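None of these values were measured; they are calculated from a predicted model. Because only heavy atoms are used, hydrogens play no part in the values below, and waters and symmetry mates are left out as well, while side chains stay in.
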Amino acid sequence: MPPKKEKILVVDDELIIRELLYDLLTDEGFSVEMSPDGETALKLILENNEIVVLFTDIMMPKMDGITLIHKAKEINHDIVPIIMTGYATIETARAAIKEGAYDYVLKPFNITEIKTVVNNALERNRLIKENTRLKEITELFKISENISSMRNEEQLFRFILNAALEHTQAKRGSILTVMEDGKNLKLIISIGLPEELNGKLIPLNSSTISGMVVQNIEPLLIEDTNQNPELKEYLLGLKNKSFISVPLQRKKSEFIESHPLAINEQDVIAVLNITDKSDGEVFSETDLKILRIIANHGAAAIENARLINEIDSAQREIVFTLGEIVETRSRETGSHVKRVAEYSKLLALKLGLSSKESEILRLASPLHDVGKVGIPDAILNKPGPLTPTEFEVIKSHTNIGYDMLCKAKGMVLQSASIIALEHHERFDGNGYPIGKKGKDIHIFGRIVGIADVFDALGVERVYKRAWTLNEIKEYFSEQRGKQFDPDLVDIFFSNIEEVLLIQSKFPEKNESIAS
């Protein structure tokens, strides 16, 4: 019979019992260890974590079977204890089950009974391990799910550190990020460390544990610093004997590695350090495995968050640049679209729109006149009055802009398509291109309509002078409820000081709104 992997420990002060069980179990293919007493048994369990089943007598010298079971469980929580007893102590055996024993067998032994009890015990051990593994997988899935939904980098690092501490039962930890120059590490978050250490820079070299981990791109598990004298000089001030340091490693890409613009990319994003295990025990390989999983998921999430932020930033730059190009073509300036964007966000916030909605409006508003790219220069920049036919061509820029943007899937560009179409609609229904009226006009269109006209009136152009603030106020007062939403007009001018502050931040080359 081929040997089985399961290892069984038999503990009895009677040699004949130990040998009998040894013969029975080895004949079945099991690996068997024997011990005459509890103290020796505990040493074997401590030295051999592969022991699955513990056969023990109840009444033994030095240490009874119940005490042995309790101490064995402290060393190996998954070990399955089986009590051996004589007929006279059946009640004791049953009581032992209440104390943590899985089952009991009676002396003298029955071979069939031994086989049944052992197989049941092994099945229980398998189920315990499967349940433990399932719990670990479930917990790690939750971690992965939570991490993948985060976009804020600071929030991500805090979650990673908290998860690491929780799943290793540690009290202290920190995360150090690799600086862009690749020469330093920065402590960005810590728990259980003095707060004044946050923000501290340390050299990225082999003079520190974190620096070594980054350079080697390998985790470091120290169970006992006393057993690693070569690390003593790195561990000054460390009160705990055991710690783990794990790199958050960037996933490699063949394209990036070969790309000349990526020469400054670091292989490691950050280092996760954990110490001070709650129960006073040392960290294990299992703890390291958990931290590596958390670090891998965390590194991927941080890279994704950074990529999304870069894409968002690039999209914003593209939107503003395109808006500036359109305004320049129609002899406006880039400052115009910036002011309109800021006016629009301010008005949206004062109206009560959420921060997210107001920011989307700020990002989308620079494209309000993007459709002008389809208008001939001769009409767009005509110095004199437009003919009715030419004005109809100018009006078509709203539809052109909408058609350019409406098929985009992003929230910003979708909003920009609505603004492009509706910012020339009038509250009284006499606007274009559709003739929408009142609240049927999208709130973004109503807001940008006010911001755009206010800014256009207040700046000087070759074909007109800049209106004074009083003249602008008078015009809006006349058009309140006609061209513009009356409520929005009131809100806008009740916050005119903030409006003028924005105007001063993005000035024209020449003087703008007169006092």
Legend entry - Lys345 bridged to Glu342 by N-O distance under 4.0 Å: no
Legend entry - Which residues share a side chain to side chain contact (heavy atoms under 4.5 Å, CB included) with Asp490, sequence neighbours left out: Arg480
Legend entry - Atom OH of Tyr402: over 12 foreign heavy atoms under 6.0 Å: no
Legend entry - Ser477: partners by side-chain hydrogen bond (donor to acceptor under 3.5 Å, both in side chains), with sequence neighbours left out: none
Inset, instruction - Say whether, by atom type as modelled, one donor and one acceptor occur between the side chain of Ser344 and the main chain of Leu361 under 3.5 angstrom. - result: no
Legend entry - All side-chain hydrogen bond (donor to acceptor under 3.5 Å, both in side chains) counterparts of Glu425, not counting sequence neighbours: none
Inset, instruction - Take Leu413 and Leu367 through the test side chain to side chain contact (heavy atoms under 4.5 Å, CB included) and record every step on the way to the result. - result: CA-CA 9 Å; Leu413 295 182; Leu367 295 180; 3.9 Å; yes
Inset, instruction - Could you give me the CA-CA distance, side-chain angles and deciding distance for Tyr343 and Gln503, then say whether side chain to side chain contact (heavy atoms under 4.5 Å, CB included) is met? - result: CA-CA 9 Å; Tyr343 296 156; Gln503 194 262 347; 3.1 Å; yes
Legend entry - Pair Asp452-His336, side-chain donor/acceptor within less than 3.5 Å: yes
Inset, instruction - Applying side chain to side chain contact (heavy atoms under 4.5 Å, CB included), name anything that partners Glu392, two or more places apart in sequence or on another chain. - result: Lys395
Legend entry - Ring geometry between Tyr475 and Trp467 (parallel below 30°, tilted from 30 to 60°, perpendicular above 60°): perpendicular
Inset, instruction - Test ring pair (Phe, Tyr, Trp, His ring centres under 6.0 Å) on His423 and His397 and set out the steps. - result: CA-CA 11 Å; His423 73 287; His397 82 276; 5.7 Å; yes
Legend entry - Flag side-chain contact, heavy atom, 4.5 Å: Ile202 against Leu187: no
Legend entry - Under 3.5 Å: donor-acceptor pair, side chain of Asn216, backbone of Glu218: no
Legend entry - Flag side-chain contact, heavy atom, 4.5 Å: Lys277 against Ser242: no
Legend entry - With Asp403 via salt bridge (Lys or Arg N to Asp or Glu O under 4.0 Å) - residues at least two apart: none
Inset, instruction - Using side-chain hydrogen bond (donor to acceptor under 3.5 Å, both in side chains) as the criterion, list what pairs up with Arg158, not counting sequence neighbours. - result: none
Inset, instruction - Please tell me if the side chains of Ile496 and Leu469 come closer than 4.5 Å, counting only heavy atoms from C-beta onward. - result: yes
Inset, instruction - Evaluate the side-chain proximity of Phe243 to Ile209: yes if any heavy-atom separation is below 4.5 Å, no if none is. - result: yes
Inset, instruction - Using distance alone, with no hydrogens and no angle criterion, decide if Asn205 and Ser207 have a side-chain donor and acceptor under 3.5 Å apart. - result: yes
Legend entry - For Pro385, side chain to side chain contact (heavy atoms under 4.5 Å, CB included) partners two or more places apart: none
Legend entry - Nearest atoms (heavy-atom pairs only) where Thr168 meets Ala164: OG1-O, 2.6 Å
Legend entry - Minimum-distance pair of heavy atoms, taken over all atoms of Glu471 and Thr468: OE1-N, 2.8 Å
Legend entry - Check: Asp455 side chain, Ala451 main-chain N or O, donor-acceptor pair, under 3.5 Å: no
Inset, instruction - For residues Val271 and Val246, determine if any side-chain heavy atom of one lies less than 4.5 Å from a side-chain heavy atom of the other. - result: no
Inset, instruction - Applying side chain to side chain contact (heavy atoms under 4.5 Å, CB included), name anything that partners Ser354, two or more places apart in sequence or on another chain. - result: Lys356, Glu357
Inset, instruction - Could you tell me which residues satisfy salt bridge (Lys or Arg N to Asp or Glu O under 4.0 Å) with Glu474, sequence neighbours excluded, listed by chain and number? - result: none
Legend entry - Option among Asp287, Ile290, Val213 that satisfies the side-chain contact (heavy atoms from CB on, under 4.5 Å) test with Ile244: Asp287
Inset, instruction - If a pair satisfies salt bridge (Lys or Arg N to Asp or Glu O under 4.0 Å) and one of its residues is in residues 185-203, list it, with sequence neighbours excluded. - result: none
Inset, instruction - Would you mind listing every side chain to side chain donor-acceptor pair (under 3.5 Å) that reaches into residues 491-500, with sequence neighbours excluded? - result: Lys350-Glu498
Inset, instruction - Could you pull out all residues at least two apart from Ser245 that satisfy side-chain hydrogen bond (donor to acceptor under 3.5 Å, both in side chains)? - result: Asn273
Inset, instruction - Would you name the heavy atoms of Phe506 and Ser335 that are closest together and state the gap between them? - result: O-CB, 3.8 Å
Legend entry - Close side-chain approach of Lys382 to Thr387, heavy-atom, < 4.5 Å: yes
Inset, instruction - Can you see which heavy atom on Asn198 is nearest to which on Ile189, and at what distance? - result: OD1-C, 3.9 Å
Legend entry - Check: Phe493 and Val499 side chains under 4.5 Å, non-hydrogen atoms: no
Inset, instruction - Please report the shortest heavy-atom distance between Ala270 and Ile175, naming the atom on each side. - result: CB-CG2, 3.9 Å
Legend entry - Ala408 backbone acceptor or donor facing Gln414 side chain under 3.5 Å: yes
